[in-house]
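Structure first, then comments.
Keep in mind that what you see is a predicted model, and the values were worked out from it rather than measured.
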Amino acid sequence: MHIVILASILSLIIYWLIRDRHRVRDLSEKYVFITGCDTTLGNALAKWLDKRGFCVIAACANEKEGQELLSCSSLSLKTVDLDLADSSSISRAVLFVTEETAGKGLFGLVNAAEGATPAAPTDWLRIDDFHSVLDVNLLGLIEITLKLLPLLKKAEGRVVNLINAKGFMAFVGGGYNLSKWGMESFSDILRRDIQHFGVKVSIVGHSFFNTKVNSSIMERDLLRLWNRLPNDIRDSYGEKYFSEYRKAQRSSVKRLCNSDISKVIKCMEHALLAKYPRTRYGAGWDAKFFWLFLYYAPSCLSDMLFHMMLPAPAASGSSVPGALINI
């Protein structure tokens, strides 16, 4: 009996490995639209898929970014300006994609655009700070996905949503974590709803990736938020807290961030090239293990870990980690 079970499991593994290696063909006739090509990941993916032979339509935040991408790509790659916080800009981009695909439909939509900041303690933020992130990372990506669904259905294509490991565990205030949780939910619902039309949906969960630009923007926004705080809130935290918080932020970026984006590119490539793409991909050790562990761990454990990583405000009333946990 045990031999039969082991043989069945081994057969399933071999079947999955063979099935996972099947690839789509005729890439030169397939159109892929990528948002966020002004970001490190989106830009690298656009160049890579262009080399592989796809007809790439790259969406950038402005014309300057698009021109830089065109200068180092083939003639088949096209660019379009896209502001995901602006519905009229989204409509213009959809019209451009519709005209470029010329009735063939859209084989791939890769949502790689994102805005990460501002991120800070929650009572440093205003509702506009949440809107600035959610309008791009969540509502904008949902809107452009909905408007491109007819083209995706026509080509029986696939949607690839790039989601940071922050989707597993929130540890800093702001709209970024909310947007990633929202995209997780939207991806799951979308996958079940449109699978009957031959459209596949994949989530690529990735690690934190550090660039000098991202780090400098985070520090700049943190300083801006601190300087605009009312005196009573600033005094309740104290200058020492701000200084130590910045150090903790730099330290977490150094320890948890990776500069090698090749793992993410490979996952996104597989999601587009595989005949049977996976539902979920994990790129990076923290995306596969660390944040997933914290997600399922008792809340008191994850809260204690974050209390150890971050400083306590001057007026917190307690220096004991976990003092604010409600039981």
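Taking each heavy atom of Lys47 and Ser73 in turn, the nearest pair found is CG-OG, 4.4 Å. The nearest pair of heavy atoms linking Gly66 to Thr79 is O-CG2, 3.7 Å. In this structure, Leu162 and Met268 approach most closely via the heavy-atom pair CD1-SD, 3.9 Å. The two residues Met183 and Leu138 make their nearest non-hydrogen contact at N-CD1, 3.7 Å. Contact record, Leu146 with Pro150: O-CD, 3.8 Å, taken as the closest heavy-atom pair. Residue Leu27 comes nearest to Arg52 through the heavy atom pair CD1-O, 3.5 Å, listed as atom of the first residue, atom of the second, then distance.
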From CA spacing to verdict: salt bridge (charged side-chain N to carboxylate O under 4.0 Å, His left out), Glu156, Lys200:
CA-CA 8 Å; Glu156 295 188 354; Lys200 302 173 178 64; over 6 Å; no
Checking Arg280 against Glu184 for the salt bridge (charged side-chain N to carboxylate O under 4.0 Å, His left out) test, could you report, in this order, the C-alpha distance in whole Å, the side-chain angles of both residues, the deciding distance, and whether it holds?
CA-CA 10 Å; Arg280 288 180 179 271; Glu184 285 266 357; 2.9 Å; yes
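Of the possible donor and acceptor atoms, one in the side chain of Ser202 sits under 3.5 Å from a partner among the backbone N and O of Arg278. A donor-acceptor distance shorter than 3.5 angstrom exists from the side chain of Ser132 to the backbone of Asp129, with no hydrogens or angles considered. Proximity of a side-chain donor or acceptor of Thr35 to a complementary backbone N or O of Ala112 within less than 3.5 Å is detected. No side-chain donor-acceptor contact under 3.5 Å links Thr101 to the backbone of Lys104. Looking at Ser179, its side chain never comes within 3.5 Å of a backbone N or O of Asn137 through a donor-acceptor pair. Checking side-chain atoms of Asp81 against main-chain N and O of Ala61 turns up no donor-acceptor pair under 3.5 Å. Judged by distance alone, the side chain of Arg191 and the main-chain N or O of Val159 form no donor-acceptor pair under 3.5 Å. Using modelled atom types, one side-chain atom of Ser91 and one backbone atom of Ser87 make a donor-acceptor pair closer than 3.5 Å. Not a single donor-acceptor pair under 3.5 Å links the side chain of Ser89 to the backbone N or O of Asp86. Looking at Arg158, its side chain never comes within 3.5 Å of a backbone N or O of Gly108 through a donor-acceptor pair.
Using a 30° and 60° split on the angle between ring planes, Phe107 and Phe54 fall in the parallel class, below 30°.
With sequence neighbours excluded, the residues satisfying salt bridge (charged side-chain N to carboxylate O under 4.0 Å, His left out) with Lys147 are Glu143.
Remark: aromatic rings of Tyr237 and Trp226 are distant, center separation not under 6.0 Å.
In Glu63, the CD atom is not crowded: 12 or fewer heavy atoms of neighbouring residues, nucleotides or ligands sit closer than 6.0 Å. Shown here is Ile3, whose CD1 atom has no more than 12 heavy atoms of other residues, nucleotides or ligands within 6.0 Å. Enclosure of atom CG in Leu75 is not indicated, since only 12 or fewer non-hydrogen atoms of other residues, nucleotides or ligands lie within 6.0 angstrom.
Summarising the geometry, atom NZ belonging to Lys30 is positioned 10.5 Å from atom CZ belonging to Arg25; distances are rounded to the nearest 0.5 Å.
Residue Leu301 is grouped with residue Leu310 when hydrophobic side chains (ILVMFWY) are merged at heavy-atom distances under 4.5 angstrom, including chains of intermediate members.
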